Every structure is written in C-alpha cells, then in structure tokens.
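Report on the structure given below.
Both backbone and side-chain heavy atoms feed into the values below; hydrogens, waters and symmetry mates do not. Each chain gets a letter, A, B and so on, in the order its sequence line appears, and its residues count up from 1. What you see is a predicted model; the values in this text were computed from it and never measured.
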Number of protein chains: 6
Amino acid sequence: MKYGVRNSFKGKVKEIKKGTVMCEVVVEVNPTTTITSVMTLDSLSELGLKVGDEVTALTKAIHVILVKE
Amino acid sequence: MKYGVRNSFKGKVKEIKKGTVMCEVVVEVNPTTTITSVMTLDSLSELGLKVGDEVTALTKAIHVILVKE
Amino acid sequence: MKYGVRNSFKGKVKEIKKGTVMCEVVVEVNPTTTITSVMTLDSLSELGLKVGDEVTALTKAIHVILVKE
Amino acid sequence: MKYGVRNSFKGKVKEIKKGTVMCEVVVEVNPTTTITSVMTLDSLSELGLKVGDEVTALTKAIHVILVKE
Amino acid sequence: MKYGVRNSFKGKVKEIKKGTVMCEVVVEVNPTTTITSVMTLDSLSELGLKVGDEVTALTKAIHVILVKE
Amino acid sequence: MKYGVRNSFKGKVKEIKKGTVMCEVVVEVNPTTTITSVMTLDSLSELGLKVGDEVTALTKAIHVILVKE
C-alpha cells in the first residue's frame, strides 16, 4: 500500500470530539507530538475509529504553509 | 503570533527543489521526521528561504486524512 | 514574520458563528469586502478571537479556483 | 449561476506565469488588491485565459487561515 | 461558463445533512456513483439547494490523492 | 484498508505529464469519466506509477465545491 503524498505519520488515536456533521480526531504521533484531523461523522463511522486505534495521518505537501519568524 | 490551525511544527529547511513555477521545500522537524511543503517560487522568494533557516510548518486539521490499515 | 502564501488580507473580525466542533469567522477587509474562514472551535479558542480583533487571513494560491463567465 | 463557496472576488487577469505542468495567474480585484491562483496548464487552456479577461476567483472558507499578530 | 478545475461532475442532490455550522451534501452522479461535498450552512442557503436539484461538483486536481494497493 | 474520506474512485492510470517539480496524472474511472491528480514528482516516484496501473483516487468532501447553474 502506497500513498501519493509527501507527509505521512503513524500514531494512535488519542481523542475523538463529535459534532453534528463533522468530528475532530487527535492522533498521538509520539509523546510530544500530535496531529489533528477533521472529517465527517460518516467517515469516522466507516473507519470505525476508537481511542487507541493505530492510524496513519496523510497530508499533501501543497497543504503545508511555511512561516518564517 | 498565533495561527488558527491545529497542526504546527517547528523545523529547519533541509532541501529546496525549484521548478519553473512551483518549488518543494523539505523541513527537518527532528532527525527522523521531515515535513514537505509545495509553494510558488514567488512565495519562496518572499520568504527568502535558504537551507538551514528555521521555519514553522502549518496545516489545517481539515487537510489531514486518516487511514486505518 | 513572513508567510509562504500568495494571498494575505488584513481585516477585523465582524462575526463569529460557533457550532459544536467547527466555527465560522467573518472578517471585514474593507466596507465592501469580507473574507470568511472555517476552523475548529479549538483553534478559535487558541487564537482567543472576538469581534473587533485585527487578523490576517491567509490562503494559498492553489486553493483559488478561477471561473470565466 | 451560484457557487457554494463563502469567498468570491471579481477581477481582471493581470499576469500569467506558465511552468511546465502548472501555472500561476494573478487577478487584479482593485488597484490595491490582487488574488493569485495556481492551476494546471490544462485548466488554463480550457479557460482560454489571457491578460485582461474578467474572471471570478473562488475559495472555500475552510481554506482560509486566520493569524493574530 | 468555464471553471479552472480538472474535475467536474454533473449530478442530482440526493441527501442533505445539516449540522450547526456545516452541512454535508450527497450528489448522485449515476446509479452507482455519488460525490459528497461539505460546505457551510450559509453556502447551502445561498445556493438554495434541495434534494433533486441539478448541480455540478468541482474539485481541483491538487486535492486528489492517488493510492496504489 | 480504510480511508477517512467521502470520495473514493477506482481506476487505471491513463496518462502522466511530468513537469520539473510537479506532475499531473489522469485516471480513467470508466470509459466516460476521468479523474486528474496533481502531485510532486517525488510522490509519483514513490508510488512507482506507470500507465495502466490500478489506483484509487481519494478526495475529502470538504474539497468539493457545488455549483448550481
């Protein structure tokens, strides 16, 4: 299985916040790093996600903004 | 300075690949993790980015896809 | 502070509509122009945004679609 | 004709920069504001865009990041 | 009317799920294919969408991820 | 393998156009429908894609714009 994306992180689901149509899923990549995803409740349901599940978080390079302070 | 995004990573520019309109910038977050951004050459020029520069990489939660294997 | 994006607009927060997970923030750029952002309530909270605050709205060129009528 | 997006700006094409696969189109909304779009050369060709053409630039609210300085 | 996007599909609105700020609209492209869009309730209201309406669904090529299994 | 996205299409790679940093990949879903993806050449290389390969094209519902004509 290969994904055509530049950014891919493995982690465990740490928290799921459900709204009425959307939800927010926090993934712990390591003790000091989390990645958060927003998706529809329908997608959450299809994934069958629950806290503790192992997932891979993907994001395309084009969606990353760099800031120089 | 605060950004309205869920995902923010500090790192150093490791590599810059220039195309004719777009470019690809690889940021080293830690020895085992990189994050890649694609932007226009115009944005790269405005940032004045070069290898070794410290940057913050931002991506909204909505742009993150979770995959369960 | 520099952002690696082509589109950047300064304005004042005009309205905030809160949902259960997401919210919608309307920014007045000038008397005839507004720009609207959708983000998580978590991001809104981190920004500590309230009506009247000065903000900068950013969007990458790749997220802009042109239509010819 | 109606678009399901929060952000819509009318303007005139001011500049087109062609790459090998992608291109960058700068749209002048008013004398002090431009909006830039990146698209494929294929899309540019289908639109038949040239400098001076009137276009509408669309972007969804979810693609807008707010920053508080 | 021409759109500067690579992916465009005509269909009929099959279902609308309303949340508090966002909504989810399912479009039937043909008997075996649907495309789903998430937008703000404000955009839904502006479009005046109801089940059965004919719409065109647009997505830029940059937003499509390819996976090889 | 499950993806947290609303829109998923299986097809075969029909054409690959390479630029200097980015590339455009056209996927034939059926005789009358194609879906196009833009990614970095690095992602193309990692996928090892060639014409005829079977792939799945993914896009989140939030990236789909509906238009009513």
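- Note that CD1 of B:Ile35 and OG1 of B:Thr59 are 8.5 Å apart. Values are rounded to the nearest 0.5 Å.
- Atom OG1 of B:Thr36 is separated from atom CD of B:Glu15 by 8.5 Å, given to the nearest 0.5 angstrom.
- The part of B:Val64 that comes within reach of chain F is its backbone (N, CA, C, O), which places non-hydrogen atoms under 4.5 angstrom from that chain.
- For chain F, the nearby parts of B:Ile62 are the backbone and the side chain; heavy atoms of each come within less than 4.5 Å.
- Of the atoms belonging to F:Lys2, heavy atoms from both backbone and side chain fall under 4.5 Å from chain B.
- In this structure, B:Leu44 and B:Met39 approach most closely via the heavy-atom pair N-SD, 3.7 Å.
- The 12-atom threshold is not exceeded at NZ of B:Lys14, counting heavy atoms of other residues, nucleotides or ligands nearer than 6.0 Å.
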